[in-house]
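Report on the structure given below.
First the proteins, then the strands, lettered A, B, ... as listed; each starts at 1.
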Amino acid sequence: MFREVLRREIGDAITRAMESGAIPSGDVPPFDVEVPRDRRHGDYATNAALLLAKHVGGKPREIAQRLIEAYAPPPDRIERLEVAGPGFVNLTVAWPWKRDLVATICRLGDGYGLQTIGAGRRVNVEFVSANPTGPLHVGAGRNAVIGDVLANLLGALGFSISREYYMNDAGQKVHNLARSVEAHYLNMLGQPTPFPEGGYPGEYVKDLAGRIATDDGDRWLRVCEDERLDHFRDVSVTAVVADIREVLERFGVRFDTWFSERGLIRSGAVDRVLAELRARDYIYEADGKTWFRSSCFGDDKDRVIVKPTGEWTYFGSDTAYHLDKLARGFDLMINVWAIDHIGDVARVKGGLAALGVPPEALEILIYQHVRLKNAGESLRMSKSSGEFVALRDLMDAVGVDAARYFFAMTSPAVPMDFDVALALQPSQDNPVYYVQYAHARIAGILREATGKAGGGGACSSLDRSLDRLTDEREAALIHALGELPEVIRLAGLRREPHRLCVYAREVAEAFHLFYAHCRVLTDDPDLTAARLALVEAARIVLRRTLGLLGVSTPESM
RNA sequence: GCGCCCGUAGCUCAGUGGAUAGAGCGUUGGCCUGCGGAGCCAAAGGUCGUGGGUUCAAGUCCCUCCGGGCGCGCCA
């Protein structure tokens, strides 16, 4: 809140100083308004003068002084303004402005932090999209949280968001699932059948076969294999997707669209992509296969798009899928992919580039794997090996809040270690409890206050009493609360959801510190009213921050 | 070999080119006669992998090397 205003006003001051000749004219460089590491330097600092010195010439400290003179903010906004170090301008926010922020947050409520940067631009966030061949494992949990929180952030920035799950319900993987189910089914009905190569070993596969056997008996022994496999695939995929959907909903993730690859292929969209690529001369035949000239678009070699069997490779349907999204009117597509798909980025982008789609239309957010360990021993975690920890089990063990916070708090670029033995038992170590505890304390105070003060909102009629806020811990808490819009902006635009966790801890810390030193409910009605307003503002900010993370805000713990 | 990513406290990780690099866990020692001690305060713990470069300023940008992860399928 403070920061946007300061950025704007300092920019204006630079323009004025240039117009009056106080500093040399020229382009205004993109300067920062940041929180100094050492808070004795003030609430904020700008490097504008340092950058200006380089861009338009002059001595940094001299330019900083001129800038201060041109800025000359009213003393009830900025109480200290000084040149420091090599040419920083340090700013200390005056109490009246800090108190204004408390009132503003109380007035805006959950609207605090909402922005209009997105200007209604339509963004499709595609995430999870795990193959529907079995239950989600914990890796999908990381994907789900990154995608969901990013979507929340972009929504708060004013983008129009659609969440999408792409189901790879065509192709070899689901075929292998069908054959695995078939093998169990045949064995159950007395026809010894070897388990297929590439089959899925999990217990759920046996359950799927058992369900078919219970429902249909030996009916599928009497049809041809193709028909049987078609049916088994449909039944299995439907059941697996239903399971995935249910787990994700419990995890707090809802998709606007569940997009079927089979449907896409049936619609002829993939054929149209091939025809279009051929028309643009990016297709050739060799060795009985149809090739795409992906090497024209930064790939290290050309790729097969139609196999000798006449089947599509994933490449064709993927390209058609992204074109379909664009046709549905999205201005930007963001895909959340695990690191093992890093090699596909160039090919998907290449396919789109070949069809004239600008590269910035698709953004792929890569996150590193969740490394599973059990008492120090590494696990492979894959559905095809059957060695994985289900997201459902993690959720059941530690709860949705702890699991979501855990996945959200590490930068997507960093691999996460995940000790199964540790994770599968509820633990007080998760930092989410520190933050939630702050909220529960606030709720307790507000409960107590309504009992004592005979009701009345914490934020009513406090214009006068707010000037009773004078303590340095109050100032520090207000300063932290003021950062929410900036945090949302950075976390959303840089695609770094973990910033919310860093911020949530900072706010909670500032609150706990305030709480330890500043009694809220006192015999002094004005002081009590003022502090209650601050507490209410802190609650709003914590609720907003945890809300974006999809983590609950308990009234008590 | 080529491409992308990572290397920061004992462990797990934050860190927007900016001033004296921060948290959680763990360790050590304090703090409950008023709003919740799942908290607060303090101590100990760092050649920011290495060597160069750019810059007024580098954990942050560029290059070298070392170590680790992932990919380089007619799997998706």
### Query
Which whole number of Å gives the distance between the C1' atom of B:U20 and that of B:G52?
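Here B:U20 and B:G52 have their C1' atoms 27 Å from each other.
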#### Entry: Interatomic distance at P, B:A58 relative to B:C65, whole Å
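Each nucleotide's P atom is 24 Å from the other's.
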### Message
Tell me whether the ring of A:His369 lies stacked over the B:G69 base, given a 5.5 Å limit on centroids and a 30° limit on the plane angle.
### Response
no
### Task
State whether the aromatic ring of A:Tyr437 stacks on the base of B:G39, taking stacking to mean ring centres under 5.5 Å apart and ring planes under 30° to each other.
no
Mind checking if [X] touches a base, just sugar-phosphate, or nothing, with heavy atoms under 4.0 Å?
X        : answer
A:Asp344 : base
A:Pro415 : sugar-phosphate
A:Pro308 : base

### Message
Between A:Tyr434 and A:Ile339, which residue's closest nucleotide on RNA chain B lies nearer the 5′ terminus?
### Response
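Closest to the 5' end, via its nearest nucleotide, is A:Tyr434.
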### Message
For A:Glu486 and A:Glu555, find the nucleotide of RNA chain B closest to each by heavy atoms; which residue's nucleotide sits nearer the 5' end?
### Response
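Whichever sits nearer the 5' end wins; that is A:Glu486.
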### Message
Please determine whether the number of non-hydrogen atoms from other residues, nucleotides or ligands lying under 6.0 Å from atom CD of A:Glu197 exceeds 12.
### Response
no
### Task
Would you indicate whether the side-chain heavy atoms of A:Leu521 and A:Leu532 approach each other to under 4.5 Å?
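A side-chain contact exists here, since the closest heavy-atom pair is under 4.5 Å.
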### Query
With a 4.5 Å heavy-atom cut-off, do A:Asn176 and A:Thr133 have their side chains touching?
no
### Message
Strictly by Watson-Crick or wobble contacts shorter than 3.5 Å, is anything paired with B:U64, and which nucleotide is it?
### Response
none
### Query
Which residues, if any, of residues 47-56 of chain A bring a heavy atom under 4.0 Å of RNA chain B?
A:Asn47, A:Leu50, A:Lys54
### Syn-anti status, with the boundary at 90° from 0, for the nucleotide B:C66
anti
#### Entry: Ring geometry between A:Trp258 and A:Tyr165 (parallel below 30°, tilted from 30 to 60°, perpendicular above 60°)
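Because their plane-to-plane angle is under 30°, the rings of A:Tyr165 and A:Trp258 count as parallel.
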### Task
Ignoring the backbone of A:Thr410, work out which of B:U16, B:G36, B:A14 is nearest its side chain.
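Selected nucleotide (nearest to the side chain): B:A14.
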### Task
Between B:A14, B:G37, B:G71, spot the one nearest the side chain of A:His498, thanks.
B:A14
### Query
Cation-pi between A:Arg441 and A:Tyr515: NZ/CZ under 6.0 Å from ring centre and within 45° of the ring axis?
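Yes, cation above the ring, under 6.0 Å and within 45°.
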### Query
In Å, rounded to the nearest 0.5 Å, how long is the span from NE2 of A:His479 to CD of A:Glu506?
10.0 Å
